[in-house]
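Right, one structure below, let's go through it.
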Amino acid sequence: TGGLPSLLKQLKELQLSMHNPVPDTWAASDIVVTAGSQDGLCKCLEVLLEPESTVLLEEFVYSGTLSIINPYKPKYEVVKSDSEGIIPEDLEKVLSKWTPGTDDPTAPKFLYINPTGANPTGTVLPEHRRKQVYQICSKYNLLILEDDPYFFLQFQSESERPASFFSMDTEGRVIRFDSFSKILSSGIRLGFVTGPKPIVDRVMLHMQVSVLHASSLSQVLVSNLMEQWGPVGFQAHIQKVENFYMERRDVILKAADKHLKGLCEYSVPLGGMFLWMRVPEITSTWDMIMERGLAQNIMLMPGKAFQADPEKPCQYLRAAFSVAPEKDFDLAMERLANLIRTEIELQSTK
């Protein structure tokens, strides 16, 4: 159930080289191969959640994660974020309603965070903030669910890239979720969970009564590919993938700068596949996209899809630069600009 032995060996070597974990933490850790990183995340959340649990997460979160959690009817505690990611001071403020060291059943058990190339915001949380977040989670005895499928999709220089939460974990409180979907193929459905052995063991037990194990064919393919590449070849492949997406990011930014200046606010994505935009003159982007935009073949994700509270109006939009042809980016941003102008006029008459 845990995974193909040769692949597990390669993944352990990969984690050691990429994250250089604290020796004592590494000795108490384990890895399980899952049917995509979302499968591992889902199983881990199901291990940790109970009905009406308090769940701590960022202001905007991958909608798939919300779909996993929502059936538990949780009490969401939302932490504010900015152009760099989660704000540690607000995390401390949100947690201050609980007293550290007490066994309060209403307190959250974990912080869910997508720190690198976040979906939907494209932010990469700086290392100094990661250290602050880790210290706060340690103070309140929280696990950190480090959902990091875009770790191998960063656009900063090697020296500027922040260390992972897993690399700074001295207390065995980080559970890390990695993915091959973004760097090999989403169709192979292969990810892996790294973290404290007791929790990884529970994920394995869950797999034994659900999917039994991740695809054997996918595991053999990836293991053979990694053996053929070796560490140097793997890194060379990652560099090609990052360059590919960075070029696409630059093209969509050029188009956005040309057509959306004065209409939208956005930051340069430092990783991932998404451009996150705020439309300050519009109360909510939902109807603009889902009704009027789709009718004009304009397909973006309204920000409301990434909120814990779906009833709250949202001024944000997410554009993906992963699939559409680059030659269409300019036309797409031009159409979006026209749609926004029309929407501003429409909302001003209401």
Side-chain angles (χ1 to χ4, degrees), residues 37-38 41 57-66 78-88 112-130 133 146-158 160-165 177-179 181-183 186 238-239 241-261 263-280 285 289 299-308 314-324 326 329 332-333 336 340:
S37 66
Q38 186 163 329
L41 176 64
L57 39 69
E58 292 181 80
E59 198 168 1
F60 299 103
V61 174
Y62 170 51
S63 55
T65 301
L66 295 173
V78 177
V79 183
K80 292 178 182 177
S81 54
D82 60 17
S83 61
E84 291 190 327
I86 194 169
I87 301 172
Y112 169 80
I113 189 166
N114 180 192
T116 310
N119 183 359
T121 62
T123 57
V124 174
L125 190 66
E127 189 162 329
H128 70 276
R129 285 199 185 186
R130 296 185 189 219
V133 168
E146 184 177 25
D147 189 14
D148 220 3
Y150 303 99
F151 176 78
F152 292 114
L153 224 62
Q154 300 185 59
F155 308 138
Q156 301 178 95
S157 66
E158 289 292 335
E160 294 176 310
R161 299 186 183 192
S164 65
F165 281 105
F177 303 89
D178 283 283
S179 174
S181 295
K182 311 301 183 286
I183 55 172
S186 57
I238 296 302
Q239 188 65 59
V241 173
E242 289 182 337
N243 288 341
F244 172 80
Y245 282 103
M246 186 163 62
E247 289 172 4
R248 295 176 69 83
R249 178 205 65 177
D250 292 345
V251 173
I252 201 170
L253 280 172
K254 183 179 179 181
D257 289 345
K258 178 179 176 183
H259 297 288
L260 298 176
K261 285 294 186 183
L263 292 173
C264 294
E265 298 170 355
Y266 49 88
S267 300
V268 176
L270 297 180
M273 303 174 168
F274 309 108
L275 178 62
W276 184 240
M277 299 175 283
R278 177 173 174 259
V279 191
T285 59
I289 294 297
M299 300 175 65
L300 291 88
M301 281 298 292
K304 186 186 286 192
F306 307 99
Q307 291 181 157
C314 184
Q315 297 179 307
Y316 285 88
L317 293 167
R318 189 200 72 177
F321 50 85
S322 54
V323 177
E326 290 180 31
F329 287 177
M333 294 298 104
L336 177 60
I340 291 171

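This one's a predicted model, so the numbers in the text were calculated from it and none came from an experiment. Residue numbers start at 1 and run along the sequence shown.
- When all heavy atoms of Leu317 and Pro302 are compared, the closest pair comes out as CD2-CA, 4.3 Å.
- Between Glu127 and Ala163 the shortest heavy-atom distance is OE1-N, 3.0 Å.
- Taking CD from Glu59 and CG from Asp82, the interatomic distance works out to 9.5 Å, rounded to the nearest 0.5 Å.
- The two residues Val78 and Ala308 have their closest heavy-atom pair at CG2-CB, 4.0 Å.
- A side-chain donor-acceptor contact under 3.5 Å links Tyr266 to the backbone of Asp257.
- For the pair Gln315 (side chain) and Arg278 (backbone), a donor-acceptor distance under 3.5 Å is absent.
- Here the side chain of Arg248 pairs a donor or acceptor atom with the backbone of Ala324 at under 3.5 angstrom.
- Contact between Ala118 and Phe274 at its shortest, heavy atoms only, is O-CD1, 4.3 Å.
- Two residues are said to be in side-chain contact when any heavy atoms from C-beta on lie closer than 4.5 Å; Phe321 and Leu253 fail this criterion.
- Gln307 is listed as a side-chain neighbour of Phe60, based on a closest heavy-atom distance under 4.5 Å.
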Legend entry - Stepwise side-chain contact (heavy atoms from CB on, under 4.5 Å) test for Val268 and Phe155: CA-CA 10 Å; Val268 176; Phe155 308 138; over 6 Å; no

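- Between the side chain of Arg129 and the backbone N or O of Pro88 there is no donor-acceptor pair closer than 3.5 Å.
- Atom CZ of Arg318 sits about 5.0 Å away from atom CG of Asn119, to the nearest 0.5 Å.
- Of the possible donor and acceptor atoms, none in the side chain of Arg130 sits under 3.5 Å from a partner among the backbone N and O of Pro162.
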Inset, instruction - Quick one: do Leu300 and Met277 satisfy side-chain contact (heavy atoms from CB on, under 4.5 Å)? Show the steps, please. - result: CA-CA 11 Å; Leu300 291 88; Met277 299 175 283; 3.8 Å; yes

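- Closest heavy-atom contact between Tyr150 and Gly272: CD2-CA, 3.7 Å.
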Inset, instruction - Go through the steps to decide whether Phe306 and Met301 satisfy the test side-chain contact (heavy atoms from CB on, under 4.5 Å), and finish with yes or no. - result: CA-CA 9 Å; Phe306 307 99; Met301 281 298 292; 3.8 Å; yes

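- In the model, Gln239 has a side-chain atom that pairs as donor or acceptor with a side-chain atom of Asn243 under 3.5 Å.
- For the residue pair Ile340 and Cys264, the shortest heavy atom distance occurs at CD1-SG, 3.5 Å.
- For the pair Lys182 and Phe152, the cation does not sit on the ring face, since its NZ or CZ is not both under 6.0 Å from the ring centre and inside 45° of the axis.
- Formation of a donor-acceptor pair under 3.5 Å by the Glu247 side chain with backbone atoms of Phe244 is not found in this model.
- Atoms CG and OG, from Asp148 and Ser37 in turn, are 9.5 Å apart once rounded to the nearest 0.5 Å.
- Of the inter-residue distances, the one linking His259 atom NE2 with Lys261 atom NZ reads 13.0 Å to the nearest 0.5 angstrom.
- Contact of the Ser81 side chain with the Val79 side chain is not registered, since no non-hydrogen atoms from C-beta on lie closer than 4.5 Å.
- Relative ring orientation between Trp276 and Tyr316 is described as parallel, the plane-to-plane angle staying below 30° on a 0-90° scale split at 30° and 60°.
- Residues satisfying the side chain to side chain donor-acceptor pair (under 3.5 Å) test with Asn114, not counting sequence neighbours, are none.
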Inset, instruction - Could you check Lys304 against Thr285 for side-chain contact (heavy atoms from CB on, under 4.5 Å), going step by step and ending with a plain yes or no? - result: CA-CA 8 Å; Lys304 186 186 286 192; Thr285 59; over 6 Å; no

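- We find that Glu242 and Arg161 are joined by a salt bridge, their nearest charged nitrogen and carboxylate oxygen being less than 4.0 Å apart.
- With values rounded to the nearest 0.5 angstrom, Leu66 atom CG is found 6.5 Å from Leu57 atom CG.
- Separation of atoms OG1 (Thr116) and CG (Leu125) is listed at 8.0 Å; rounding is to 0.5 Å.
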